[in-house]
Amino acid sequence: MKAIEIIPKVKVKNKKILSLVYTPGVSQSCLKIKDNLEKVFELTNRSNSVAVLSYNYEDSLKRAIFLKETRTTDAYPLVIKQCPKEDLDMVKDAIMPNFMGVDTTLIEGMEYNNTEFIPTCSKGCIFPDNFKLEELEPVELRSAFGGVIETKVSDLIEYRKPVAIITDGSAILGLGNIGPTAGLPVMEGKAVLFKDLGDVDAMPLCLNTQDPDKIKKICLLLEDSFSGINLEDIKAPECFEIENYLIQNSKLPVFHDDQHGAAIATLAGLYNALKLTGKGLDKIKIVISGAGAAGQAIARLLLKAGAKNIIMTDIFGIVYEGRQGNNQSLENIAKLTNKLNLRGGLDIAIKDADVFIGVSAGNVLRPEMIETMKSDPVIFALANPIPEIMPDLAKKAGAKIYASGRPDFDNQINNSLVFPGLFDGVINAGIKKITDSIKIEVAKAISNMVTKDELDYNYIIPDPLDKTVAKNISACIIDHVRNLTTEFNKRPL
């Protein structure tokens with residue numbers, strides 16, 4: 001059957017290109033757009049993108065194929081459930097940061113092949129054979145290509161609808177609330193990794209609203225357009241509310257990558273770090289700097305995996321029950337952590353700790369703090385684009401193992417290790433709910449890809465560009481489901 005694929009304009013062949021397409025380089029394009037919203041048409045594929053909206057997915061797909069084949073327009077098929085006009089208008093307005101227009105030809109009762117004006121601003125990318133992408137700066141690369149994704153009409157034996165990468169722009173990377181338009185480069189970069197690493201089509205959907213109720217409604221109205229929902233860069237505590245609601249009410253698998261992708265990758269790296277230091281997860285003291293979505297999810301998954309002693313800190317210091325200013329999510333995580341009810345700052349929390357995990361802000365961890373940790377300290381400084389402490393400073397202060405979220409340092413603990421294979425696996429397995437047991441199995445699968453002979457202080461986790469990681473994750477999820485239910489064995493794969 002003919003279908004629309006969402007493909008990269010740029011192949012991620014090495015870590016240098018990864019750093020240009022995704023993090024840390026993508027942040028430069030986001031900031032350019034934040035300062036001048038018109039830059040979105042230069043630095044993303046928005047100028048050639050159109051949403052085709054109808055009440056029937058096959059009709060939208062047919063129209064999208066027609067537009068691509070006759071107009072070279074990157075048209076994305078979307079189906080919306082029957083709803084009042086005010087909801088239809090709300091959805092059209094909310095998805096506009098991604099598109100030049102929303103094509104409602106089919107809703108208006110016109111034929112799929114009518115020739116009403118559709119923008120066609122595709123940017124040709126003709127370069128000499130010896131052209132080296134690595135020599136471009138991040139903004140130059142996006143400008144040269146007009147963004148990093150496009151669509152393609154393909155003949156496919158099996159067609160899976162894309163995963164929706166949904167954000168409201170309220171917590172983009174380490175840049176904060178820069179809005180949905182400025183966040184589009186990140187979502188395009190994520191779509192590249194979905195396809196390149198896991199052969200999963202993914203559609204950026206930056207929503208022009210930060211109202212949790214509207215986001216929940218939009219997701220449910222459009223859910224028949226997708227095979228899964230990847231929530232991205234939505235600030236806490238709203239992200240918890242949105243995720244929990246969609247898990248309960250959507251028929252699709254829902255995964256908030258900032259929470260659970262970060263948690264799975266961190267646990268995978270920590271498993272191998274502890275093999276090298278000879279310490280047990282249930283015996284160590286772990287300090288997590290950053291008590292937002294990622295920090296809380298990491299803490300919860302580590303506790304599920306067997307950790308006993310976790311202390312969390314944020315900009316106001318150590319998190320404890322009853323602390324003034326705690327929201328409900330902080331109060332809930334406080335009940336599970338800081339068993340000694342410590343008070344103070346990061347310098348107090350980190351004394352005698354075995355592991356530091358940072359998902360907070362650049363340069364918050366000072367060398368003298370590492371010197372107060374126990375022997376063979378493990379430092380995961382995961383803030384992007386600037387880590388909590390740079391590797392040379394951490395190692396000079398005594399860090400035995402150092403990891404970050406950056407591709408230009410050893411031991412990159414990055415969500416890109418997780419989400420391509422995870423969605424491939426849950427979609428193939430027909431899973432609706434991604435449980436903690438699945439997350440732990442995925443972490444084990446990632447850690448076990450580093451063999452005993454390969455395991456080293458500078459190599460505790462697989463290369464994020466190793467495509468066998470996604471395949472192994474997908475296979476482990478399918479095997480996990482088979483082991484859980486005999487009913488699954490009756491289903492053809």
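When reading the values below, keep in mind they use all heavy atoms of this one structure, side chains included, and skip hydrogens, waters and symmetry mates.
- Inter-residue side-chain proximity for Val148 and Val26 is flagged as unmet; no heavy-atom pair is nearer than 4.5 Å.
- For Phe99, the ring-ring contact (aromatic ring centres under 6.0 Å, His included) partners are Tyr76, not counting sequence neighbours.
- A salt bridge does not link Asp211 to Lys217: none of the charged side-chain nitrogens sits closer than 4.0 Å to a carboxylate oxygen.
- Salt-bridge annotation for Lys471 and Asp424: absent, with no side-chain N of the basic residue lying under 4.0 Å from a carboxylate O of the acidic one.
- Looking only at side-chain heavy atoms (C-beta outward), Val139 and Leu43 come within less than 4.5 Å of each other.
- A salt bridge is absent between Asp201 and Arg160; no separation between the charged side-chain nitrogens and carboxylate oxygens falls under 4.0 Å.
- By the 6.0 Å contact criterion, CD on Glu111 is open, its count of non-hydrogen atoms from other residues, nucleotides or ligands being 12 or less.
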Glu232/Asn230 under side chain to side chain donor-acceptor pair (under 3.5 Å): CA gap, chis, key distance, verdict: CA-CA 6 Å; Glu232 186 76 15; Asn230 184 109; 3.2 Å; yes

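- Judged as a ring-ring contact (aromatic ring centres under 6.0 Å, His included), the pairs with a partner in residues 170-216 (not counting sequence neighbours) are, in order, Phe194-Phe419, Phe194-Phe423.
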Let me see the working for Cys239 and Gln259 under side chain to side chain contact (heavy atoms under 4.5 Å, CB included), right down to the final yes or no. CA-CA 9 Å; Cys239 61; Gln259 289 186 65; 4.3 Å; yes

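- If you take CG on Asp233 and CD1 on Ile166, they are separated by 13.0 Å, rounding to the nearest 0.5 Å.
- Using modelled atom types, one side-chain atom of Lys432 and one backbone atom of Ile247 make a donor-acceptor pair closer than 3.5 Å.
- Leu220 is listed as a side-chain neighbour of Glu223, based on a closest heavy-atom distance under 4.5 Å.
- Of all the heavy atoms in Asn177 and Gly169, the pair that sits closest is OD1-O, 3.3 Å.
- Sparse packing is recorded around NZ of Lys304, with 12 or fewer heavy atoms of other residues, nucleotides or ligands lying under 6.0 Å away.
- Salt bridge Asp59/Lys62: absent, no basic N to carboxylate O contact under 4.0 Å.
- To the nearest 0.5 angstrom, Leu302 atom CG is 9.5 Å from Ile440 atom CD1.
- Other residues, nucleotides and ligands contribute only 12 or fewer heavy atoms inside 6.0 Å of the NZ atom of Lys39.
- The minimum heavy-atom distance linking Pro462 with Val469 is given by the pair CB-CG2, 3.8 Å.
- Residue Asn208 holds its CG atom at 6.5 Å from OG1 of Thr181, rounded to the nearest 0.5 Å.
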Report the C-alpha separation of Asn98 and Ser49 in whole Å, then their side-chain angles, then the decisive distance to 0.1 Å, and conclude whether the side chain to side chain contact (heavy atoms under 4.5 Å, CB included) test is met. CA-CA 7 Å; Asn98 312 272; Ser49 295; over 6 Å; no

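- A donor-acceptor distance shorter than 3.5 angstrom exists from the side chain of Asn448 to the backbone of Lys444, with no hydrogens or angles considered.
- In this structure, the side chain of Ser225 engages the main chain of Val79 through a donor-acceptor pair within 3.5 Å.
- The minimum heavy-atom distance linking Ile33 with Pro185 is given by the pair CD1-CG, 3.5 Å.
- Between the side chain of Arg63 and the backbone N or O of Tyr112 there is at least one donor-acceptor pair closer than 3.5 Å.
- Looking only at distances, no side-chain donor or acceptor of Asp466 sits under 3.5 Å from a matching main-chain atom of Asp463.
- Between the CD1 atom in Ile478 and the CG atom in Asn428 there is a gap of 5.0 Å [rounded to 0.5 Å].
- Checked by atom type, the side-chain pair Asn14/Glu134 shows a donor-acceptor distance below 3.5 Å.
- Rounding to the nearest 0.5 Å places CD1 of Ile65 at 11.5 Å from OG1 of Thr70.
- Around the NZ atom of Lys152, the shell of radius 6.0 Å holds no more than 12 heavy atoms that belong to other residues, nucleotides or ligands.
- Annotation: side chain of Glu441 is not in contact with side chain of Ile477 (no heavy-atom distance under 4.5 Å).
- Side chain to side chain, Asn414 and Ser416 meet the donor-acceptor criterion of an N or O pair below 3.5 Å.
- In this structure, Asp408 does not pair ionically with Lys15, as no charged nitrogen and carboxylate oxygen lie closer than 4.0 Å.
- Checking side-chain atoms of Thr151 against main-chain N and O of Ile4 turns up no donor-acceptor pair under 3.5 Å.
- A donor-acceptor pair under 3.5 Å is formed between the side chain of Arg46 and the backbone N or O of Met96.
- Ring planes of Phe255 and His260: tilted class, angle from 30 to 60°.
- Counting only heavy atoms from C-beta outward, the side chains of Asn332 and Leu336 never approach each other to under 4.5 Å.
- Heavy atoms only, all atoms of each residue included: Leu221 and Cys83 are closest at CD2-CB, 3.9 Å.
- Within the structure, ring-ring contact (aromatic ring centres under 6.0 Å, His included) pairs that include any residue of residues 197-245 do not occur (at least two apart or interchain).
- Under the 4.0 Å criterion applied to side-chain N and carboxylate O atoms, Glu5 and Lys195 are assigned as salt-bridge partners.
- Side chains of Ile149 and Pro204 form a contact here, defined as non-hydrogen atoms less than 4.5 Å apart.
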Kindly determine whether Leu330 and Gln296 satisfy side chain to side chain contact (heavy atoms under 4.5 Å, CB included), including the steps that lead there. CA-CA 8 Å; Leu330 286 172; Gln296 291 188 38; 3.8 Å; yes

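- Looking at every heavy atom in both residues, Ile461 comes nearest to Ala265 through CD1-O, 3.6 Å.
- Remark: side-chain polar atoms of Glu150 are not paired, donor with acceptor, to backbone N or O of Lys9 under 3.5 angstrom.
- With contacts defined as side-chain heavy-atom distances shorter than 4.5 Å, the pair Leu53/Leu88 qualifies.
- Using modelled atom types, one side-chain atom of Ser60 and one backbone atom of Leu78 make a donor-acceptor pair closer than 3.5 Å.
- Looking at Lys439 and Leu422, their side chains never come closer than 4.5 Å, going by heavy atoms from C-beta outward.
- No side-chain N or O of Asn244 forms a donor-acceptor pair with one of Gln248 less than 3.5 Å apart.
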The test is side chain to side chain contact (heavy atoms under 4.5 Å, CB included); show your working for Val91 and Asp87 and say whether it passes. CA-CA 6 Å; Val91 170; Asp87 285 345; 5.6 Å; no

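- In the displayed structure, Lys81 atom NZ is contacted under 6.0 Å by more than 12 heavy atoms of other residues, nucleotides or ligands.
- Going from atom CG of Leu173 over to atom OH of Tyr22 covers 6.5 Å, rounded to the nearest 0.5 Å.
- A donor-acceptor pair under 3.5 Å links the side-chain atoms of Asn411 to the main chain of Ile460, judged by distance alone.
- When all heavy atoms are compared, the tightest approach of Ser404 to Leu382 is C-CD2, 3.7 Å.
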